[in-house]
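If you're wondering where the values come from, they're calculated on a predicted model, not measured in any experiment. Order of appearance sets the numbers: ligands from 1, and atoms from 1 within every ligand.
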Amino acid sequence: MTASAATRVGVVGTGYVGLTTAACLARLGHRVRAVDADRAKISRLQRQEITIDEPGLADLVTEGMRSGRLDFSDNPKTVADADFVMLCVPTPAGPDGRADLSSLEAAGREVAGMMPSESVIIIKSTVPPGTTEKLEAELGRPVINNPEFLRESAAVRDFLFPDRVVIGASDPAAAARAARLFAGIDSPVLITRPASAELIKYASNAFLAVKISYANELNELAINFGADISEVTHGVGLDPRIGPAALAPGPGWGGSCLPKDTMALSAAAHDVGVPLNLVDAAVAVNRRQIDQVTGQVRSAVSGHADGVLDGCRIALLGLTFKAATSDLRDSPALAVAHRLHTAGATLSAYDPAIRPGSVQALGVPDFIQTAESAEDAVRGADGLVVLTEWPQFRELDWSALSRIVRRPLVIDARNLLDPAKLQEAGLTLLPLGLRAAEATMSRV
Ligand code: UGA
């Protein structure tokens, strides 16, 4: 790394967190080098080929590289003279649900061995409370925890306009230096103990999971009481102590963070003998939600929640774990698809981010036939299921689709579609959780 007046930051790992962090720090004026052991990935980045679909990210990478503030290397030694090295490596769930810290520890040891003693290591990866201090003691140099709160599809925005920056450090001088990395960002900066920073991250994701699971249970309750869930969550969310976010019912929470982080927090709590009943219940509700959606589809198509679907073709609208991303990791849509497949259904699917034959489609199981268009996916289907809340599904030509399906049945597991529009198109719409018999009764 060439010397310059700007702070020199090394970023280890160029996944969605690492790359966003590197590009945004370069935007803030720092001199950033991002390294990754994956040579092919680094070559692509050096050619400014960005395979992560994040609004604004490709432009920031280009801007950073053109300005000379951002570059990439497959050699970890090239961050040796950085003032800070940020570890952005995966901490996936191990077989017992605990976070697997092996990549993080290896990366920490590797960079610590070559950095000057005053340089600081920053852990951005999500790690269980106690990890930062343990690594600091082992490496004999300042290690800071600076969790990320980036939502996929809004990561650049969340980095540059965060609700808070959290810096967990046992060394106040190192914390003050790290805080200066975020100069120019208008948000509260919380300097905390390392364990607090680690827990803030897990507690935030677990809270979101609890909130969404609660919304999913409320949805079922609303159906039973003849209430409208969107009216209920709107009314509840207007209380500023509750807020409207994370209250949309759906097929369950998925993605690369909430499922892994709830499990890791629960395991960490178990290790210190603290029961984490609420989070465990949210996980159980989430598992049940997949079964509920599957049961709803089976019931609508076959007449029974456990009816077989042999000979039936179900069209899935949406495969990704949420809209505006091509990420299929821990997608509730795929979990529902697995169960429908096991029940005997033939599955076709359309997702705007998953084109047949694309790199993204590699994550789709073989038993799902991906289509280029909604028309191709739904032709001849016995039922349609909306599993991801892509806004463009609202604008589909539902009249045209109703003419090419075998049965005019739509199960909307995201409560996304306009009932009046679908009714006009001659389709029977079942919102999330509503069984066909109940729909018939509610029209009587
Ligand atoms: C989540 C957190 O929201 C971020 O703050 C955090 O930084 C990130 O994890 C992380 O730890 O890196 P993300 O995984 O992008 O971000 O996903 P969310 O937008 O939180 O959605 C998670 C899941 O919950 C999705 O499957 C989504 O469809 C579902 N969801 C979300 C609902 O079913 N209802 C809602 O109201 C909101």
Side-chain angles (χ1 to χ4, degrees), residues 13 15-21 52-55 88-93 99 124-127 146-159 161-166 197-219 229-230 232-234 236-237 242-265 282-283 285-287 289-290 292-293 318-336 351 353 386-391 412-416 432-433:
Y16 128 87
V17 172
L19 188 58
T20 305
T21 300
I52 298 172
D53 270 339
E54 268 307 324
C88 304
V89 295
T91 48
K124 264 234 173 272
S125 312
T126 301
V127 293
N146 168 228
E148 53 85 15
F149 301 100
L150 312 177
R151 287 164 300 168
E152 281 190 37
S153 80
V156 168
R157 193 211 153 278
D158 286 348
F159 191 102
F161 305 95
D163 302 317
R164 73 290 207 197
V165 169
V166 176
E198 293 161 330
L199 194 51
I200 287 169
K201 168 68 192 190
Y202 276 118
S204 302
N205 275 0
F207 192 90
L208 292 170
V210 168
K211 213 176 165 196
I212 302 164
S213 279
Y214 182 53
N216 283 334
E217 285 200 316
L218 276 183
N219 181 61
I229 187 63
S230 58
V232 174
T233 49
H234 180 61
V236 169
I242 298 173
L247 277 181
W253 35 268
S256 63
C257 304
L258 266 49
K260 148 179 105 65
D261 292 351
T262 44
M263 271 202 297
L265 181 61
V283 172
V285 168
N286 204 47
R287 284 203 195 103
Q289 193 64 11
I290 304 288
Q292 296 280 97
V293 173
L319 291 172
T320 53
F321 83 97
K322 65 175 187 178
T325 171
S326 57
D327 198 337
L328 295 166
R329 285 177 291 174
D330 249 312
S331 172
L334 292 186
V336 170
D351 187 297
V386 177
L387 289 167
T388 311
E389 75 284 22
W390 285 102
D412 184 0
R414 290 282 185 173
N415 290 347
L416 176 81
L432 177 69

Checklist entry - Relative to the heavy atoms of Lys201, which atoms of ligand 1 are at a distance of less than 4.0 Å? => result 6 (C), 7 (O), 10 (C), 11 (O), 12 (O)
Checklist entry - Should you measure from each heavy atom of Glu148, which atoms of ligand 1 turn up under 4.0 Å away? => result 7 (O), 10 (C), 11 (O), 12 (O)
Checklist entry - Any donor and acceptor pair, going by atom type alone, linking the side chain of Glu389 with main-chain N or O of Ala323 inside 3.5 Å? => result yes
Next on the checklist: Taking side-chain contact (heavy atoms from CB on, under 4.5 Å) as the criterion, tell me which of Ser125, Pro147, Cys257 meets it with Lys201.
Outcome noted: Pro147
Checklist entry - What is the closest protein heavy atom to atom 2 (C) of ligand 1, and at what distance does it sit? => result Asn205 OD1, 3.5 Å
Checklist entry - Can you find an N/O atom of Glu389 closer than 3.5 Å to an N/O atom of ligand 1? => result no
Item to check | Protein contact of atom 26 (O) of ligand 1 - nearest heavy atom, named by residue and atom, plus distance | outcome: Phe321 O, 2.8 Å
Item to check | Residue and atom name of the nearest protein heavy atom (relative to atom 21 (O) of ligand 1), distance in Å to one decimal | outcome: Lys322 CD, 4.1 Å
Next on the checklist: Rounded to the nearest 0.5 Å, what separates atom CG in Leu208 from atom CZ in Phe149?
Outcome noted: 10.5 Å
Checklist entry - Could an N or O of ligand 1 be found under 3.5 Å from any N or O of Trp253, whether backbone or side chain? => result no
Item to check | Backbone N/O of Ala245 and side chain of Lys211: donor-acceptor pair under 3.5 Å | outcome: yes
Checklist entry - Of the backbone atoms (N, CA, C, O) and the side-chain heavy atoms from C-beta on, which set of Thr388 has a member under 4.0 Å from an atom of ligand 1: side chain, backbone, both, or neither? => result neither
Next on the checklist: Checking the side chain of Arg414 only, and the main-chain atoms of Leu387 only, is there a donor and an acceptor separated by less than 3.5 Å?
Outcome noted: yes
Next on the checklist: Could you tell me if the side chain of Gln289 sits less than 4.5 Å from the side chain of Glu217, heavy atoms only?
Outcome noted: no
Checklist entry - Do any nitrogen or oxygen atoms of Cys257 come within less than 3.5 Å of a nitrogen or oxygen of ligand 1? => result no
Item to check | Polar atom proximity, Leu150 to ligand 1 (N or O, under 3.5 Å) | outcome: yes
Item to check | Under 3.5 Å: donor-acceptor pair, side chain of Asn415, backbone of Pro249 | outcome: no
Checklist entry - Does at least one non-hydrogen atom of Arg414 fall below 4.0 angstrom from an atom of ligand 1? => result yes
Next on the checklist: Are more than 12 heavy atoms, taken from residues, nucleotides or ligands other than Arg287, located less than 6.0 Å from that residue's CZ atom?
Outcome noted: no
Checklist entry - So is there a nitrogen or oxygen of Leu258 less than 3.5 Å from a nitrogen or oxygen in ligand 1? => result no
Checklist entry - Could you go step by step and tell me if Tyr202 and Thr126 meet the side-chain contact (heavy atoms from CB on, under 4.5 Å) rule? => result CA-CA 8 Å; Tyr202 276 118; Thr126 301; 3.6 Å; yes
Checklist entry - Do any N or O atoms from the side chain of Asp412 and from the backbone of Leu432 form a donor-acceptor pair under 3.5 angstrom? => result no
Item to check | Any N/O pair Leu247/ligand 1 closer than 3.5 Å | outcome: yes
Item to check | Min N/O separation Leu208 to ligand 1 under 3.5 Å | outcome: no
Checklist entry - Under 4.0 angstrom from ligand 1, any heavy atom of Ala248? => result yes
Item to check | Working for side-chain contact (heavy atoms from CB on, under 4.5 Å), residues Thr262 and Trp253 | outcome: CA-CA 11 Å; Thr262 44; Trp253 35 268; 3.6 Å; yes
Checklist entry - For ligand 1, which atoms have a heavy atom of Glu152 less than 4.0 angstrom away? => result 15 (O)
Next on the checklist: Give me the residue, atom name and distance of the protein heavy atom closest to atom 30 (N) of ligand 1.
Outcome noted: Ile212 CD1, 3.6 Å
